[in-house]
Amino acid sequence: MSQTDRDRWDAKYAASGAGSSILNPPEEWLVRHVQSLPTGHALDLACGLGHNAIWLAQQGWTVTGIDISPVGLAIAESLAIAAGQPSIDWVAADLESFELPPSSYDLILVFRYLERVWIPRQIESALRPGGLLIYETFSRGQLARHDNHLRNPLFTLEAGELPRLFPSLSIEQYEEVDTPERSVARLIAKRQ
């Protein structure tokens, strides 16, 4: 990403979320697969306003949330404090150049973000042995939806593409679904 991307996301969050006191619920795909896991250190990549990171902290996880937008992260921090979770580590960084520490996370989650080269390698390295990746992002079906906001097909996945981005991880579950809100590919994968 670039400074232009950071400026665009900052403007979006400033216009829609400044002073927001509404915390969105966590993603269903995350809740379904995390509730039975032992807690540990979690990383939320492209965390936006932090609703998933905050939920994980409420479940007892130690959480780091990374996003390109300092404005979005400031809102996320305010929401976390209001939810009684002030200890989340919020990091403003460009994910396409930020180096994640190796073997540091028991859980990494990514929702509605796609970068095909750098991020998969970073995730594979940053997971601890036995660590879990929970990933959900737009599939090509999103482009045909009447409520679609995406214009560039590069921001969507081809059929079966998401598991191929993580060749060193063991795929535990994969699906491509149309929900009422979006068309997505979903992955659960583990580092051996």
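All values below come from the heavy atoms of this structure, side chains included, with hydrogens, waters and symmetry mates left out.
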Verify, without hydrogens or angle tests, whether [X] (side chain) and [Y] (backbone) share a donor-acceptor contact under 3.5 angstrom.
X: Gln85; Y: Ile88; result: no
X: Trp90; Y: Ile66; result: no
X: Trp61; Y: Leu43; result: no
X: Gln122; Y: Leu100; result: yes
X: Glu124; Y: Ser168; result: yes

Worksheet item: After noting the C-alpha distance and the side-chain angles of Leu107 and Leu56, does the key distance pass the side chain to side chain contact (heavy atoms under 4.5 Å, CB included) rule?
Response: CA-CA 10 Å; Leu107 173 66; Leu56 283 170; 3.9 Å; yes
Item to complete: Would you check if the distance from the ring center of His149 to the ring center of Phe138 is below 6.0 Å?
Response: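 Distance test on ring centres: under 6.0 Å, yes.
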Check whether any side-chain heavy atom of [X] sits under 4.5 Å from a side-chain heavy atom of [Y], and report yes or no.
X: Arg8; Y: Tyr13; value: no
X: His33; Y: Glu172; value: no
X: Ile134; Y: Val34; value: yes
X: Glu136; Y: Arg182; value: yes
X: Gln173; Y: Arg32; value: yes

Are [X] and [Y] close enough that a side-chain donor and a side-chain acceptor fall under 3.5 Å?
X: Thr156; Y: Arg140; answer: yes
X: Arg191; Y: Ser103; answer: yes
X: His51; Y: Glu27; answer: yes
X: His41; Y: Ser104; answer: no

What is the distance from atom [atom1] of [X] to atom [atom2] of [Y], rounded to the nearest 0.5 Å?
X: Leu157; Y: Ser139; atom1: CG; atom2: OG; answer: 7.5 Å
X: Phe111; Y: Leu30; atom1: CZ; atom2: CG; answer: 5.0 Å
X: Cys47; Y: Leu109; atom1: SG; atom2: CG; answer: 9.0 Å
X: Phe166; Y: Leu133; atom1: CZ; atom2: CG; answer: 5.0 Å
X: Phe98; Y: Ile119; atom1: CZ; atom2: CD1; answer: 10.0 Å
X: Ile108; Y: Arg128; atom1: CD1; atom2: CZ; answer: 10.0 Å

Going only through I, L, V, M, F, W and Y residues with side-chain contacts under 4.5 Å, is there a path from [X] to [Y]?
X: Val63; Y: Ile81; result: no
X: Tyr105; Y: Leu95; result: yes
X: Trp29; Y: Val184; result: no

Practice prompt. Test Leu45 against Ile123 for side chain to side chain contact (heavy atoms under 4.5 Å, CB included), laying out the working first.
Written response: CA-CA 10 Å; Leu45 291 175; Ile123 288 171; 3.8 Å; yes
Minimum heavy-atom distance between [X] and [Y], given as atom pair plus value:
X: Ile68; Y: Pro70; value: O-CD, 3.1 Å
X: Val31; Y: Pro26; value: CG2-CG, 3.5 Å
X: Pro163; Y: Tyr174; value: CD-CE1, 3.4 Å
X: Tyr113; Y: Thr137; value: N-OG1, 3.3 Å
X: Arg145; Y: Pro180; value: NH2-O, 2.9 Å
X: Gln59; Y: Thr39; value: O-CG2, 3.4 Å

Discussion item. Could you walk me through whether Trp118 and Glu99 satisfy the side chain to side chain contact (heavy atoms under 4.5 Å, CB included) test, starting with their C-alpha distance in whole Å, then the side-chain angles of each, then the deciding distance to 0.1 Å, before giving a yes or no?
Written reply: CA-CA 9 Å; Trp118 180 254; Glu99 296 252 357; 3.5 Å; yes
Practice prompt. Verify side chain to side chain contact (heavy atoms under 4.5 Å, CB included) between Tyr135 and Leu114, making sure each step is shown before the conclusion.
Written response: CA-CA 10 Å; Tyr135 204 126; Leu114 179 60; 4.1 Å; yes
Fill in: Arg186 bridged to Glu176 by N-O distance under 4.0 Å
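No, Arg186 and Glu176 are not salt-bridged.
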